[in-house]
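Numbers for residues simply follow the sequence, beginning at 1.
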Amino acid sequence: METLPKRNRHAKVAIVATLSCIFLVVFAIIFVDRPASTWSHEHLGRPAIFNRLTHYVDPLPIIAALGAAGAAIAAVFWSWKPGERGKTLISGCLALLVSEEIKDQLKYSFGRPWPQTWTSNNPSWIADHAYGFHPFHGGDGWESFPSGHTAQMAAIAAVIWMRVPRFRWIGVALTAVVAITLWTSNYHFVGDIIAGAFLGTACGIGMVAVVCRQ
């Protein structure tokens with residue numbers, strides 16, 4: 001069992017991380033988001049190679065769902081009991097799926113327009129100087145915050161960081177690539193990416209704690 005001091009330490013870390021996320025996101029909203037988006041639009045213009053890179057994350061929710069379903073079927077019909085690798089796999093699948101569901105609810109709750117118009121003639125910062133939050137607005141044009149792609153990669157990276165330390169650099173590198181390509185392609189504001197990274201990391205840590213007792 002965890003000792004009380006260790007639990008208190010974990011609680012303090014969680015509080016510091018949450019406050020850090022809030023501070024960084026608010027700082028980005030006030031000082032970074034709009035100039036960074038404008039600079040990306042004017043100087044980079046959504047490079048084709050970066051635009052393509054943003055889509056390699058797209059199949060991950062389906063893969064995670066199949067992985068979790070496969071583990072459940074194996075446990076029910078073949079009495080499979082996951083070892084350490086199996087637990088890592090399950091943690092990664094669940095972390096990604098949980099982050100996907102939570103980010104959908106947050107997108108609806110915050111209702112933030114995208115940096116650039118790219119779907120259904122949505123209002124955007126580049127096209128209309130539309131910037132801000134419209135809670136519970138709904139619709140594809142108001143789903144910029146937080147970044148789901150970043151959340152997914154950060155969730156996987158957190159699981160790798162805790163469970164497979166020798167490959168930590170891979171998780172961090174892939175998350176960084178996703179974050180950079182989302183900004184350079186003007187799919188997300190910097191604040192969206194920061195929030196997605198914190199969300200995904202929290203989901204990864206949480207699922208490792210549930211599945212692996214770590």
Side-chain angles (χ1 to χ4, degrees), residues 10 13-15 17-18 20-22 24-25 28-29 54-76 82 86-115 118-120 122 133-163 171-172 174-179 181-182 187-214:
H10 289 170
V13 170
I15 292 171
T18 302
S20 299
C21 176
I22 294 172
L24 291 172
V25 169
I29 290 171
T54 62
H55 295 291
Y56 80 74
V57 183
D58 293 346
L60 290 181
I62 297 176
I63 295 173
L66 292 175
I73 292 171
V76 171
K87 291 178 180 179
T88 301
L89 173 64
I90 294 171
S91 298
C93 292
L94 293 180
L96 195 148
L97 294 173
V98 170
S99 70
E100 179 75 3
E101 181 60 31
I102 294 176
K103 67 88 179 172
D104 284 342
Q105 301 307 315
L106 291 176
K107 284 178 179 288
Y108 173 68
S109 299
F110 283 99
R112 189 185 204 187
W114 303 92
W118 57 272
T119 178
S120 304
N122 61 282
F133 294 88
H134 307 272
F136 310 109
H137 183 285
D140 292 339
W142 289 265
E143 294 186 344
S144 183
F145 184 91
S147 166
H149 282 60
T150 308
Q152 292 171 22
M153 286 309 307
I156 295 174
V159 173
I160 293 174
W161 185 278
M162 297 183 70
R163 298 289 296 172
V172 173
L174 291 176
T175 305
V177 168
V178 169
T181 54
L182 289 173
Y187 279 126
H188 277 288
F189 293 108
V190 173
D192 303 339
I193 295 168
I194 293 172
F198 274 89
L199 169 62
T201 301
C203 291
I205 293 172
M207 290 303 101
V208 168
V210 170
V211 176
C212 307
R213 305 295 183 186
Q214 180 179 347

Identified side chain to side chain contact (heavy atoms under 4.5 Å, CB included) partner of Leu96 from the options Val159, Leu60, Ile63: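 Of all the options given, the one that passes is Leu60.
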Can you see which heavy atom on [X] is nearest to which on [Y], and at what distance?
X	Y	result
Thr175	Ala157	OG1-CB, 3.5 Å
Gly171	Ile160	CA-CD1, 4.3 Å
Cys212	Ser91	SG-OG, 3.3 Å
Gln152	Val57	OE1-CG1, 3.0 Å
Ala151	Ser99	O-OG, 4.0 Å
Ala28	Ile194	CB-CD1, 4.3 Å

Rounded distance [0.5 Å steps], [atom1] in [X] versus [atom2] in [Y]:
X	Y	atom1	atom2	value
Ser147	Lys107	OG	NZ	6.5 Å
Ser20	Ile15	OG	CD1	11.5 Å
Met153	Leu182	CE	CG	11.0 Å
Asp192	Leu199	CG	CG	12.0 Å
Thr201	Ile156	OG1	CD1	11.5 Å
Ile102	Leu97	CD1	CG	11.0 Å

Are any of the side-chain heavy atoms of [X] and [Y] separated by less than 4.5 Å?
X	Y	result
Arg163	Val211	no
His149	Ile193	no
Met207	Cys93	no
Glu143	Trp114	yes

State which residue, out of Phe189, Phe145, Tyr108, fulfils the ring pair (Phe, Tyr, Trp, His ring centres under 6.0 Å) condition with Phe133. Phe145
If the plane angle is over 60° it's perpendicular, under 30° parallel, otherwise tilted; pick one for Tyr187 and Trp118. perpendicular
Going through the distances and angles, do Trp142 and Asn122 end up as a side chain to side chain contact (heavy atoms under 4.5 Å, CB included)? CA-CA 8 Å; Trp142 289 265; Asn122 61 282; 5.6 Å; no
Could you check whether any side-chain N or O of His188 sits under 3.5 Å from a backbone N or O of Ser144, counting only pairs where one atom can act as donor and the other as acceptor?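 Yes.
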When you look at CH2 of Trp161, are more than 12 heavy atoms from neighbouring residues, nucleotides or ligands closer to it than 6.0 Å? no
